[in-house]
**Q** 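So that we are looking at the same thing, I have put the structure below in structure tokens.
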Amino acid sequence: MARPLGESFFERGAETVARDLIGCYLVRKRGQKLFKHRITETEAYTGPHDLACHAARGRTMRTEPMFGPAGTLYVYLVYGMHWMLNVVTEPVNYPAAVLIRSVDTITGPGRLTKTLGITGALNNRAAAVRNGIWFVKDDHLDPLQVVRTKRIGVEYAGPIWSPKPYRFISIAHRHTRPS
DNA sequence: GGGAGGATGGAT
DNA sequence: TCCATCCTCCCA
């Protein structure tokens with residue numbers, strides 16, 4: 001399988017990265033077990049101007065990972081119980097990220113992290129083999145076709161940013177929750 | 001120091 | 001439709 005996606009892949013706009021991650025693999029190693037899942041749903045959080053992006057409210061302890069290098073993991077707790085897995089995009093000091101919402105057999109960002117054992121322990125670490133979590137592209141497989149919708153659960157971001165079509169879903173998996 | 005609210009998911 | 005559950009951030 002192809003080698004892990006690195007900084008050059010993630011050091012682009014969050015929309016572009018979110019789109020390109022559809023069809024790529026998320027790989028997780030726990031002990032001797034390797035879990036490889038094809039990514040089917042993502043969302044882009046595009047920067048400090050994006051009112052749905054945590055970084056829109058400034059550089060804080062929580063958002064610090066988003067200011068790090070492309071490919072950094074941003075893992076935070078939502079609703080007091082669900083870990084959300086994000087990967088940071090854009091160059092250092094530009095806070096943007098992509099939320100991994102679903103993979104082939106696991107729908108929902110909270111279920112994804114729970115199933116793969118992803119917690120805040122991985123926050124601010126690089127997506128890399130040495131950390132037991134990384135991304136790969138497989139050029140031998142056909143890329144999945146993609147549709148775009150608005151993002152889930154960001155009504156608070158207001159009439160401009162809430163409807164932005166920054167959610168990407170594989171067509172073959174578009175039953176993955178209505179929007 | 002206090003309070004509101006959230007990038008969800010499971011039960012009712 | 002309800003609510004579990006707790007961290008973050010804003011305000012005083």
Side-chain angles (χ1 to χ4, degrees), chain A residues 10 12-24 26 28 35 37-90 93-127 133 135 146-170 173-179:
Chain A
F10 293 106
R12 301 178 293 155
E15 269 190 85
T16 305
V17 173
R19 166 63 185 82
D20 285 358
L21 277 176
I22 300 294
C24 290
L26 170 63
R28 174 76 168 130
F35 302 86
H37 290 282
R38 206 158 185 218
I39 296 169
T40 55
E41 183 185 3
T42 59
E43 278 176 1
Y45 290 84
T46 62
H49 56 287
D50 177 355
L51 297 185
C53 183
H54 289 166
R57 292 185 288 287
R59 186 167 187 158
T60 66
M61 195 77 81
R62 179 172 71 155
T63 61
E64 192 61 28
M66 276 205 279
F67 291 81
T72 298
L73 299 177
Y74 171 43
V75 184
Y76 69 92
L77 192 64
V78 74
Y79 298 120
M81 60 194 100
H82 302 296
W83 293 105
M84 297 289 106
L85 172 65
N86 297 255
V87 58
V88 172
T89 72
E90 303 260 17
N93 286 327
Y94 189 97
V98 172
L99 170 66
I100 311 300
R101 290 190 58 91
S102 295
V103 295
D104 42 27
T105 56
I106 315 167
T107 59
R111 284 196 256 173
L112 172 65
T113 55
K114 183 176 182 184
T115 303
L116 296 180
I118 294 162
T119 71
L122 286 169
N123 188 38
N124 210 22
R125 314 283 290 264
I133 179 168
F135 297 88
V146 173
V147 291
R148 302 173 63 140
T149 78
K150 66 179 182 182
R151 295 170 290 188
I152 300 296
V154 296
E155 292 306 314
Y156 65 85
I160 303 299
W161 290 96
S162 162
K164 293 280 188 189
Y166 290 168
R167 178 186 182 217
F168 298 83
I169 313 170
S170 158
H173 296 83
R174 65 195 180 292
H175 54 284
T176 295
R177 255 172 113 191
S179 78

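The shown structure was predicted, so the numbers you read here are calculated from the model rather than taken from an experiment. Chain letters run A, B, ... following the sequence lines, proteins first and then strands; every chain starts at 1.
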**Q** If only side-chain N and O atoms of A:T60 are considered, is one of them under 4.0 Å from the OP1 or OP2 phosphate oxygen of C:dC9?
**A**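 It does, given that an N or O in the side chain of A:T60 lies less than 4.0 Å from OP1 or OP2 of C:dC9.
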**Q** How many whole angstroms separate atom NZ of A:K114 from atom C1' of C:dT5?
**A**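 That distance rounds to 14 Å.
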**Q** Can you tell me how far C1' of B:dG5 sits from OH of A:Y76, to the nearest Å?
**A**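 For the pair A:Y76 OH and B:dG5 C1', the rounded distance is 13 Å.
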**Q** At 4.0 Å (heavy atoms only), tell me whether A:M81 reaches a base, stays on the sugar-phosphate, or touches nothing.
**A**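 A:M81: base contact, heavy atoms under 4.0 Å.
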**Q** What are the two closest non-hydrogen atoms of A:I160 and A:P163, and how far apart are they?
**A**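 For A:I160 versus A:P163, the nearest heavy atoms are O-CD, 3.4 Å.
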**Q** Would you mind reading off the distance between A:W83 atom CH2 and C:dT8 atom P, rounded to a whole angstrom?
**A**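 These atoms are roughly 8 Å apart.
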**Q** To the nearest angstrom, how far is A:L112 atom CG from B:dA7 atom P?
**A**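 Computing the A:L112:CG to B:dA7:P distance gives 17 Å.
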**Q** If the cut-off is 4.0 Å, is A:H54 near the phosphate of B:dA7, judged by side-chain N/O to OP1 or OP2?
**A**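 Yes, within the criterion.
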**Q** We want to know whether A:N93 and A:R59 form a side-chain donor-acceptor pair, criterion being a heavy-atom distance below 3.5 angstrom.
**A**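 Note: A:N93 and A:R59 side chains meet the donor-acceptor criterion.
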**Q** Could you state the OH-C1' distance from A:Y156 to C:dC9, rounded to the nearest angstrom?
**A**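 Atom-to-atom, A:Y156 to C:dC9, this comes out as 13 Å.
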**Q** Checking contacts here: which listed nucleotide (C:dC6, B:dA7, B:dT8) is nearest the side-chain heavy atoms of A:L77?
**A**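 Among the listed nucleotides, the one closest to the side chain of A:L77 is C:dC6.
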**Q** Any strand is fair game: report the nucleotide pairing with C:dT5 by Watson-Crick or G-U wobble, both distances under 3.5 Å, or none.
**A**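 Across all strands, not a single nucleotide pairs with C:dT5.
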**Q** In whole Å, I'd like the distance from the CD atom of A:E41 to the C1' atom of B:dA7.
**A**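 My rounded result for the distance is 11 Å.
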**Q** Measure the acute angle between the ring planes of A:H49 and A:W161, then classify it against the limits of 30° and 60° as parallel, tilted or perpendicular.
**A**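 Geometry flag for A:W161 against A:H49: perpendicular rings.
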**Q** Tell me which nucleotide, if any, is Watson-Crick or G-U wobble paired with B:dG1 when both distances must be under 3.5 Å.
**A**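 B:dG1 is paired with C:dC11.
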**Q** Would you indicate what A:R62 reaches in the nucleic acid, counting non-hydrogen atoms under 4.0 angstrom: base, sugar-phosphate, or nothing?
**A**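 Counting heavy atoms under 4.0 Å across all strands, the contact made by A:R62 is with sugar-phosphate only.
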**Q** In a check of side chain to side chain contact (heavy atoms under 4.5 Å, CB included) between A:Y166 and each of A:R148, A:E43, A:K150, which one passes?
**A**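 Single pass found, and it is A:R148.
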**Q** Please pick, from B:dG10, C:dC6, B:dT8, the nucleotide with the shortest atom-to-atom distance to any side-chain atom of A:M84.
**A**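 The nucleotide sitting nearest to the side chain is B:dT8.
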**Q** Please work out if A:G80 contacts a base, only the sugar-phosphate, or nothing of the nucleic acid, heavy-atom cut-off 4.0 Å.
**A**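 Counting heavy atoms under 4.0 Å across all strands, the contact made by A:G80 includes a base.
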**Q** Please confirm whether the shortest side-chain N or O distance from A:R101 to OP1 or OP2 of B:dT8 is below 4.0 Å.
**A**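 The answer is yes; a side-chain N or O of A:R101 sits under 4.0 Å from OP1 or OP2.
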**Q** Using a 4.5 Å cut-off on heavy atoms from C-beta on, say whether the side chain of A:L116 contacts that of A:L26.
**A**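 The answer is yes, as the side chains (C-beta and beyond) meet within the 4.5 Å cut-off.
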**Q** What I want to check is whether an N or O donor and acceptor connect the side chain of A:Y79 with the base of C:dA4 at under 3.5 Å.
**A**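 Answer no: no donor N or O sits under 3.5 Å from an acceptor.
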**Q** To the nearest angstrom, how far is A:R57 atom CZ from C:dC10 atom P?
**A**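 In whole Å, C:dC10 P and A:R57 CZ are 8 Å from each other.
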